[in-house]
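What you see is a predicted model; the values in this text were computed from it and never measured. Only heavy atoms go into these numbers, but all of them, side chains included; no hydrogens, no water, no symmetry mates. Chain letters run A, B, ... following the sequence lines, proteins first and then strands; every chain starts at 1.
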Amino acid sequence: MIIFEIFTDYYRYFLRGAQATILLSLAVVFVGSILGSLLGIMRLSNNRLFSGFSKLYITVIRGTPLLVQLWIVYFQLDFIKYPDWVVLGMDFERLAPCVIALSLNSAAYVAEIIRAGIQAVDKGQGEAARSIGMTQGQAMRTIILPQAIKNILPAIGNEFVTMIKETAVVQYLGITDLMYNNGIVVTSTYNPLPCYYISAIIYLILNLVMGHGIDLFERRLRNSD
Amino acid sequence: MTEEKTLLIEVRDLHKSFGTLEVLKGIDENIYKGEVVVVIGPSGSGKSTFLRCLNRLEEPTSGHIIFEGADITDPKTDINKLRQKMGMVFQQFNLFNNLSVMDNILIGPTKVKGLSDEQARAIATRLLERVGLLDKSDAFPSQLSGGQKQRIAIVRALAMEPDVMLFDEPTSALDPEMVGEVLDVMKALAADGMTMVVVTHEMGFAKEVGDRVLFMDDGVILEQNVPYELFSNPQNPRTQDFLSKVLI
């Protein structure tokens, strides 16, 4: 079958691309989660400035296409002098804006997930915590967040899966991710369809592994009660 | 009867509004040490809001609440410190779902009050034994019946060794056959001399255990008396009307 022929001839390209996609995804999931947690907590803050900023940020990010955000970040931040590292064959000065743009995008979605997860915890839990003299912070850390995490995890798993797929936009900045390498193979073989099937399968495998990881984590949490 | 008693909570001209809705319209009341004060009244009369203002779970709109000499309504007051001295029991129990029964009880004394794990455990064990639930130490709240949950919630509040216990309709969410076990714990507590403010629909409890019964309607305390007098000889027409409906 032609699909196997192309894969055996060009597997190096696909694997190299997959490697880049994995690296990029991990970086984005990591940075995006931290930023998103901050934004999500800001969104729930009593401080109007914090919650207002967070709300505006989420609205803007969710209301504009990722590709547009990517270009804006790339050009807007061109004054930054990135170190001239090369990571897995990719120039850091183009990789960095990609990680920044994708993380900023992911953060908005993560923030909404975290806000919803915290708000879904019964208000009485916080009241009971405050009634025995806990501070707001103590109540959040010891009572509310541990319960919110169970609401948050399944949705955050979805967000991670979405992010892995969306990293495909970085090919427009010349980042040699899976889709970029897919393009190289298409032009060398003049046979696009099998190439796209191969890429699709690789993305699918990445997401299945990711989903399984989240499942394991969720199950461990559930065992704890 | 109150002359020689020590004043514990002093409520002066307490008002509370939610938006344009005025729920408490000026409450003046004294709670004395060792007293069991039962608050009754129709739904929406403001009795739960009144109780929740006492430990500032609801922020009063105006007025003053003085607890052991400190003004709870003063923003400079360390409310967390005062709340350690005011136990609260909720209608919906509100046990911490992510913690075992034992940890529900330990978290306050250890994390908030700073007792050692050993000291806290000794208190928790004694209290659990008293309510007959020591065997449930390792259970999680989801594995308990409503009556058991409420008894644990009382223990959780007592473990802080408070000076007053606030009960917000503690038996209203219980199946009828579980009401008794919770009321028994409360009666024992009252007999021990704990100061209690109890919002409830249990008229039997009010009669038997209450030192004083307050009747609230429409955001004010309309009438108050010792239970026997209030129930047998209510003065205010609205008290009469309310009692005629609940005491069939």
Participant: Please check if the number of heavy atoms outside B:Glu118 that lie under 6.0 Å from its CD is greater than 12.
Facilitator: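 It does not: B:Glu118 CD has 12 such atoms or fewer within range.
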Participant: With chain A as the partner, which of B:Asn55, B:Leu95, B:Leu166 has the greatest number of non-hydrogen pairs under 4.5 Å?
Facilitator: B:Leu95
Participant: Are more than 12 heavy atoms from other residues, nucleotides or ligands located less than 6.0 Å from atom NZ of B:Lys187?
Facilitator: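 Yes.
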Participant: CD1 of A:Ile149 to CG of B:Asn98: how many Å apart, nearest 0.5 Å?
Facilitator: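 Output value for this atom pair is 11.5 Å.
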Participant: Might you confirm whether atom CD of A:Gln76 has over 12 heavy atoms from other residues, nucleotides or ligands at distances under 6.0 Å?
Facilitator: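 No.
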Participant: With rounding to the nearest 0.5 angstrom, report the CD to CZ distance, A:Gln125 to B:Phe90.
Facilitator: 10.0 Å
Participant: Is the count of non-hydrogen atoms from other residues, nucleotides or ligands lying under 6.0 Å from A:Phe217 atom CZ greater than 12?
Facilitator: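 Incorrect, the count does not exceed 12.
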Participant: Measure the spacing between OG1 of A:Thr135 and CZ of B:Arg83 and express it to the nearest 0.5 Å.
Facilitator: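 Reported to 0.5 Å precision, the distance equals 10.5 Å.
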Participant: Using only atom types and a distance under 3.5 Å, with no angle test, would you say the side chain of B:Asn94 pairs donor to acceptor with the backbone of A:Gly124?
Facilitator: yes
Participant: Of all of B:Ile79, B:Val89, B:Leu82, B:Ile107, which one pairs up most often with chain A through heavy atoms under 4.5 Å apart?
Facilitator: B:Ile107
Participant: Can you say whether B:Met160 sits under 4.5 Å from chain A via the side chain, the backbone, both, or neither, judging by heavy atoms?
Facilitator: side chain
Participant: So for atom CG, which belongs to B:Asp192, do other residues, nucleotides or ligands contribute more than 12 heavy atoms lying within a distance under 6.0 Å?
Facilitator: yes
Participant: Report, as yes or no, whether the 6.0 Å neighbourhood of atom OH on A:Tyr57 holds more than 12 heavy atoms from other residues, nucleotides or ligands.
Facilitator: yes
Participant: So how far is it from A:Glu127 CD to B:Glu58 CD, rounded to the nearest 0.5 Å?
Facilitator: 7.0 Å
Participant: To check you understand the geometry: which heavy-atom pair defines the closest contact between A:Met134 and B:Asn80, and what is its length?
Facilitator: O-OD1, 3.3 Å
Participant: Of the backbone (N, CA, C, O) and the side chain (C-beta and beyond), which part of B:Leu99 lies under 4.5 Å from a heavy atom of chain A, both, or neither?
Facilitator: side chain
Participant: Which region of B:Arg52, side chain (C-beta onward) or backbone (N, CA, C, O), has a non-hydrogen atom less than 4.5 Å from a non-hydrogen atom of chain A, or is it both or neither?
Facilitator: side chain
Participant: Are there more than 12 heavy atoms of other residues, nucleotides or ligands under 6.0 Å from atom NZ of B:Lys113?
Facilitator: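 Yes - once you tally the heavy atoms of other residues, nucleotides and ligands closer than 6.0 Å, there are more than 12.
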Participant: Taking all non-hydrogen atoms of both residues, which atom of B:Val112 and which atom of A:Ile132 are closest, and how far apart?
Facilitator: CG1-O, 3.6 Å
Participant: Of the backbone (N, CA, C, O) and the side chain (C-beta and beyond), which part of B:Gln84 lies under 4.5 Å from a heavy atom of chain A, both, or neither?
Facilitator: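 For B:Gln84, the contact with chain A is made by backbone and side chain together.
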Participant: Measure A:Gln138 against the heavy atoms of chain B and call it side chain, backbone, both or neither at under 4.5 Å.
Facilitator: side chain
Participant: Assess whether atom OH of A:Tyr180 is packed by more than 12 heavy atoms of other residues, nucleotides or ligands within 6.0 Å.
Facilitator: no
